[in-house]
Amino acid sequence: MEDTKYSPEFETKWYEFWEKKGYFQPKDDQNAENFSIVIPPPNVTGALHIGHALNGTLQDIMVRYKRMKGYNVLWVPGTDHAGIATQNMVEKDLASKGIKKEDLGREKFVEKVWEWKEKYGNRIVEQIKRLGLSCDWSRLRFTMDEKLSKAVRKVFVELYKEGLIYKDKYIINWCPRCHTALSDLEVEHKEEEGKLYYIEYPFEDGNGGVIVATTRPETMFGDTAVAVNPNDERYKDIVGKKVILPIKNKPIPVIADEYVDMEFGTGVVKITPAHDPNDFEVGRRHNLNLVVAIDDYGRMTNEALHYKGMDRLECRSKLVAELESKGFIKNVAQHRHAVGHCYRCKTTIEPYVSEQWFVRTKPLAEPAIEAVKDGRTRFIPQNWEKTYFEWMYNIKDWCISRQLWWGHRIPVWKCEDCGKYTVSEEDPAVCEHCGSNNIKQDEDVLDTWFSSALWPMSTLGWPEQTEDLKRFYPTSLLVTGFDIIFFWVARMMMMGLHFMKDVPFRGVYIHALVRDQYGQKMSKTKGNVIDPLEVVEKYGADSLRFTLAILAAQGRDIKLSEDKIEGNRRFMNKIWNAYRYIKLNTEGQTFDEKPKKLSQASVWIKSRLAKTIRKVEDALNQYKFNEAASAIYQFTWHEFCDYYIEMSKVHMDDEFSYSIKYTLLEVFEAILRLLHPFIPFITEELWQKLPNKKGESIMIAEYPKFKESDIAEELESAMDTVIDIIRAIRNLRSEYNIPPSKRIKVFVKTEDEKVQSILVNFKNYIHALALVDELSITTKPVDGCVVQSTVYADIYLPVEGNIDVEKEVERLTKLLKKQEKSMNFLNNKLNNEAFLEKAPKELVEEKRAELEEVTRLYNKTKGIIEQLKGLKR
RNA sequence: GGGCGCAUAGCUCAGCUGGAAGAGCACCUGCCUUACAAGCAGGGGGUCGUAGGUUCAAGUCCUGCUGCGCCCA
């Protein structure tokens, strides 16, 4: 016999079993609908974190659910080469051995990264498997696979030919540490305490000067103008004059531009087109020169005179000192402002002018906006559409070149002779313009997100017209976090619509972020991470999965703590022990024949099961994972275990002996199937042991179907009466500290014939669940008893010796107060003319009946109290 | 500065289309009742952030305010 404590050690065994059986691969049923998902590819070098666990669990629930519903299901897994992240990691590794990537050279370095990928790239895959995710591993993809790289090239070349990719000298976000350009999205803005320096720029004519305010004085070596707002009365007369740039002693013009905020500082700002994105635009409008004062390593150039070669931040402090000593600094103020940081290495971003490749996004965004507007792609929850639209309407061109070595090399060759570009899918031998063989490939690689943008099509085989592509594109669902709606979702929409002429996915389920129990983001530095692998080790993957699912309410972040996972392990344990009970009673018997007659409890539980199935399906169809999970939890624990199993004990040796066991197995088996998408392992483990299983695995069994014919309203309402009476008896037992070991005698007083007949018919259940050994129906009060009234009947419990009158009066007075409150509420309502007139008739009737009922109870309670008080005297 | 979201029991949160507030954990009491002490039974606890409005009826719809998050610039 199994141990009373569930232990999840069987998990890996079942995963191997499923994989070996090929269940993760789609069926080939021509009549069935297709359901496909592509996994958001984790970084090859990454380690599984709780976010992956949530993301994967939710997808797996849908995938397993649909599979059991009979769909042809395909879930494509894969990993992302993660340009900067991976390169940084390998660089760091090499650095620890004292090697710089430049020492190796590009080719050798890239080789090293591939080695790294071979070595560690599978780690995350293995970790994902441990969670039970049923991806089709025979279709595992990597963004730098040969075929996927071909797709990348094709897309680049076609977009280039359509004029949607261009090269431009532009100010971009530059990470001096990673030594590469970053897209706007890859910059994280953080509020920082900084200083605002007020520096005087004297007029060229020697008559005073203007004071400019800047947070970055070191960029002054790149200043080519100072600017004021054209509407600023204070500075009307100085526009067109010249000022002298301090230290450099170079005259620069005063210009007027709407961009200048009159409220900021003095209303005069310095314009440094090469080192500030806004100034860059101003410079373009006013034809200003680009003077580069800081180089790509964040060091000062020779424009900075004696500061040449110095780091920009060191230069700042030294320069401020010099300016101060020379009297140029008029004031220094504290100033909070947003500073950009590299999303990978957190280094402060340096705006930098350079030649980069860009994707013209506007023409691509329009169809992507349309597709969501007309519902071809639906966001769940729908609010996220707003976020998507907001960004799409204000989309900027996408800088796609990165000065890295790891990634898809840009397929552009520049001719050293004619200077023109050859852009080609195949490596060209000669320049397509002049035929020269003196051509050189662009050094840069593409933004990682460029290849991810193609993920749904490229993993299915595009540009080849594969069977998979035909069958599974558009995919059915994408499950991802809100943090990559712009990075990824939006770009997949653009690329998918452009190249496939159809959306990449029908639905986008946006899930929450997993935070710690205090709502803090989990991070290694804070030390508040919950490691999914540790948790799985300790509690099992099922407990983690169920916890994530039951917490995954739409639109709210998940605050996770180990307690919660432990709490759900108890649920696993409950299921485990329910199985033990069933096994104990059914072992060695066969259950091939349907029972002819069911006991009342069985009819009831089947009705409840049917309703639960309906609830679960409704919830899952709306992606309400928490509702689905709690519906089954509630049913399994509080109806099946708390009531049905207890009631089943009554029938073990009576005429229903076979039928009750049959139904126990039947309902339990259905519970396991209902739960399988959430907790695949324990459900398989137990299902395999059931004598009534059909098929070789629960994974490919049919999902429970709602059966209208199982609904038994009349019986359910009778059972409500029974449960109500059981509760009342238990309550009295508890109030009088009667231990379970002591069976009792009760009188149930009711004049209602219906209730009387229920009492007769369901007597056994009351005996068993309320631990009663003698139940008498009466229409008269019984002496020497404590009483508890319910809507249906009054329970009289004989007490040995004397009744503690005071305690009893106290208890009942409390009850009386409640009933009084209730009466008042209902009376108010029913005395309200407007309510009687305007509220629905049924509601009014309902309230009338309620009032009648409460009044009856109130009078009863009152009577008992008075009687008790009389006794006291 | 623009946008989004949240405020319900001590804690973490459910509450769909408006008809007298729910769960899990924690707490209190009693129990090893033959599936389960990782359990069973019972119990206490909320004027649903605040001020208005719509309505016969508001946690639920609308507006202002306060507090707290997040995203974008």
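These numbers were taken from a predicted model, which means no experiment stands behind them. Computation of the quantities below employed the complete heavy-atom set of this structure, encompassing side-chain atoms and omitting hydrogens, waters and symmetry-equivalent molecules. Per chain, numbering begins at 1; letters A, B, ... match sequence-line order.
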Looking at [options], which one has an atom nearest to any side-chain atom of [X]?
X: A:Lys386; options: B:C36, B:C4, B:G42; value: B:C4
X: A:Arg580; options: B:C36, B:G24, B:C16; value: B:C36
X: A:Pro740; options: B:A35, B:G42, B:U33; value: B:U33

For atom [atom1] of [X] and atom [atom2] of [N], their distance in whole Å:
X: A:Ile744; N: B:G42; atom1: CD1; atom2: C1'; result: 13 Å
X: A:Asn832; N: B:G19; atom1: CG; atom2: P; result: 18 Å
X: A:Phe487; N: B:C72; atom1: CZ; atom2: C1'; result: 12 Å
X: A:Glu833; N: B:A57; atom1: CD; atom2: P; result: 14 Å
X: A:Leu843; N: B:G19; atom1: CG; atom2: P; result: 10 Å
X: A:Glu562; N: B:C25; atom1: CD; atom2: C1'; result: 15 Å
X: A:Met1; N: B:U34; atom1: CE; atom2: C1'; result: 11 Å
X: A:His767; N: B:U33; atom1: NE2; atom2: C1'; result: 16 Å

(message) Quick check: on RNA chain B, is the nucleotide nearest A:Val854 upstream (toward 5') of the one nearest A:Ile726, or the reverse? Name the residue that is more 5'.
(response)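 Here A:Val854 is the residue nearer the 5' end.
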(message) By nearest heavy atom, map A:Arg730 and A:Lys847 onto RNA chain B; which one lands nearer the 5' end?
(response) A:Lys847
Indicate, with a heavy-atom threshold strictly under 4.0 Å, whether [X] touches base, sugar-phosphate, or nothing.
X: A:Asn394; value: nothing
X: A:Thr387; value: nothing
X: A:Ile738; value: nothing
X: A:Glu842; value: nothing
X: A:Glu850; value: base
X: A:Arg733; value: nothing
X: A:Lys615; value: nothing
X: A:Leu584; value: sugar-phosphate
X: A:Leu836; value: nothing

(request) Pick out which of A:Ile682, A:Leu686, A:Asn577 makes a side chain to side chain contact (heavy atoms under 4.5 Å, CB included) with A:Tyr6. (result) A:Ile682
Between [N] and [M], how far is it from one [atom1] atom to the other, in whole Å?
N: B:C65; M: B:A7; atom1: C1'; value: 14 Å
N: B:U63; M: B:C28; atom1: C1'; value: 44 Å
N: B:U54; M: B:G67; atom1: P; value: 28 Å
N: B:G1; M: B:C61; atom1: P; value: 28 Å

Report the relative orientation of the aromatic rings in [X] and [Y]; use parallel for angles under 30°, tilted for 30 to 60°, perpendicular for over 60°.
X: A:Trp391; Y: A:Phe486; answer: parallel
X: A:Tyr509; Y: A:Tyr623; answer: tilted
X: A:Tyr765; Y: A:His651; answer: perpendicular

(request) Toss me the dot-bracket line for RNA chain B: Watson-Crick and G-U wobble, both under 3.5 Å, 5' to 3', using | for pairs to another strand and [ ] for crossers. (result) (((((((..((((.....[..)))).(((((.......))))).....(((((..]....)))))))))))).
(request) Evaluate the side-chain proximity of A:Arg727 to A:Asn731: yes if any heavy-atom separation is below 4.5 Å, no if none is. (result)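 When only atoms from C-beta onward are counted, A:Arg727 and A:Asn731 do not touch, as no gap falls below 4.5 Å.
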(message) Checking A:Asn568 against A:Ser543: is there a side-chain donor and acceptor pair closer than 3.5 Å?
(response) no
(request) Step through it carefully: locate the ring centre of A:Tyr388, locate the ring centre of A:Phe379, and say whether they are under 6.0 Å apart. (result)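 Yes: the rings meet the under 6.0 Å criterion.
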(message) For B:A38, is there a stacking contact with A:Tyr6, counting only centres under 5.5 Å and planes under 30°?
(response) no
(request) Establish, with yes or no, whether the OP1 or OP2 oxygen of B:A38 is under 4.0 angstrom from a side-chain nitrogen or oxygen of A:Lys5. (result)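 Answer yes for this pair, as a side-chain N or O of A:Lys5 is under 4.0 Å from OP1 or OP2.
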(message) For a quick test of reading the model: is some side-chain N or O of A:Trp637 closer than 4.0 Å to OP1 or OP2 of B:C40?
(response)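 So the side-chain polar atoms of A:Trp637 do come within 4.0 Å of the phosphate oxygens OP1 or OP2 of B:C40, strictly under.
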(request) List in numerical order all residues of residues 564-573 of chain A for which some heavy atom is under 4.0 Å away from an atom belonging to RNA chain B. (result)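 Of all residues in residues 564-573 of chain A, the ones placing a heavy atom under 4.0 Å from RNA chain B are A:Lys564, A:Arg569, A:Arg570, A:Asn573.
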